[in-house]
Amino acid sequence: MHEFGWKHEDFAPFSINAHANAMHNPNARLHEKISVEKFERSSMVATPINLLDASPTGDGAAAMVIVPAERVLRKPRILVSASAAATDTIAVHSRKDPLFLQAAYQSSKRAYEMAGVTPSDINVFELH
Amino acid sequence: MRKVAILGIGQTKIGEHWEKSLREIGGDAAFAAMQDAGLEKVDALFVGNMLSPLVNGQNQLGTFLLIGLGCGNRKR
């Protein structure tokens, strides 16, 4: 907002879109459409982030069993093609460029190389 | 890297689980994955988590959740 002159309400579409998409997914955390007005009226959590900017609270867990590939008999086999990690400063404001996820870039680059693929080969990105 | 593949998966619904403990939520997902894989036990458990020390006051989730899986002396 400070660097590029965006206003808080310019960020409303992210939340509005996410809430709208959730209406089509029975597993979504919340099922409620919101408007620009509702976004602007919602309580401040940590200025300038308000309640509808922030992730809602939620609990859950997911697990996978990973085994040597030759143990999986059913087809198609889901192989783990690559695994890579990288770190960065905890605080976004400490980074050279707060808008560039350096750790995500480095780790994904290494993972693509390990797997022998490029971003255009990927069908689905699960990002967090 | 050694060639590995996914044998089973499991997950809980994401929401407000006031009636369940951390151990139960984690154990439910891990147990579901083991059932999907057709396994009674695993060789190792690796846990990824954000914020448990802060919101639950609970560190050491690997060992902690092994009990949720019925490993050691406690049966699930």
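First the proteins, then the strands, lettered A, B, ... as listed; each starts at 1. Keep in mind it's a predicted model, so treat the numbers as computed, not measured.
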>> Could you go through B:T12 and B:D28, starting from their C-alpha distance and side-chain angles, then the distance that decides it, and tell me whether this counts as side-chain hydrogen bond (donor to acceptor under 3.5 Å, both in side chains)?
In response: CA-CA 7 Å; B:T12 69; B:D28 283 354; over 6 Å; no
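A side-chain donor from one of A:H8 and A:D53 sits under 3.5 Å from a side-chain acceptor of the other.
Considering only heavy-atom pairs separated by less than 4.5 Å from chain A, the leading option among B:K3, B:H17, B:M34 is B:K3. Between chain B and the options A:S81, A:G58, A:P68, A:A28, the largest number of non-hydrogen pairs under 4.5 Å is found for A:P68. With respect to chain A, the highest number of heavy-atom pairs below 4.5 Å among B:L22, B:I25, B:I6, B:L39 belongs to B:I6.
Residues of residues 90-117 of chain A that come closer than 4.5 Å to chain B, counting heavy atoms only, are A:M114, ordered by residue number.
Between A:R74 and B:L7, the closest side-chain pair of non-hydrogen atoms is not below 4.5 Å. Between A:K33 and A:H19, the closest side-chain pair of non-hydrogen atoms is not below 4.5 Å.
Heavy atoms from other residues, nucleotides or ligands lying under 6.0 Å from CE of A:M1 number more than 12. Counting heavy-atom neighbours within 6.0 Å of A:E126 CD, excluding the residue itself, gives a total of 12 or less.
Proximity to chain B (any heavy atom under 4.5 Å) is restricted, for A:P26, to the backbone atoms N, CA, C and O. In this structure, chain A has no heavy atom under 4.5 Å from any part of B:L45.
Hydrophobic cluster membership is shared by B:L65 and B:F31, with clusters built from Ile, Leu, Val, Met, Phe, Trp and Tyr side chains linked at under 4.5 angstrom. Residue A:L127 is not grouped with residue A:V124 when hydrophobic side chains (ILVMFWY) are merged at heavy-atom distances under 4.5 angstrom, including chains of intermediate members.
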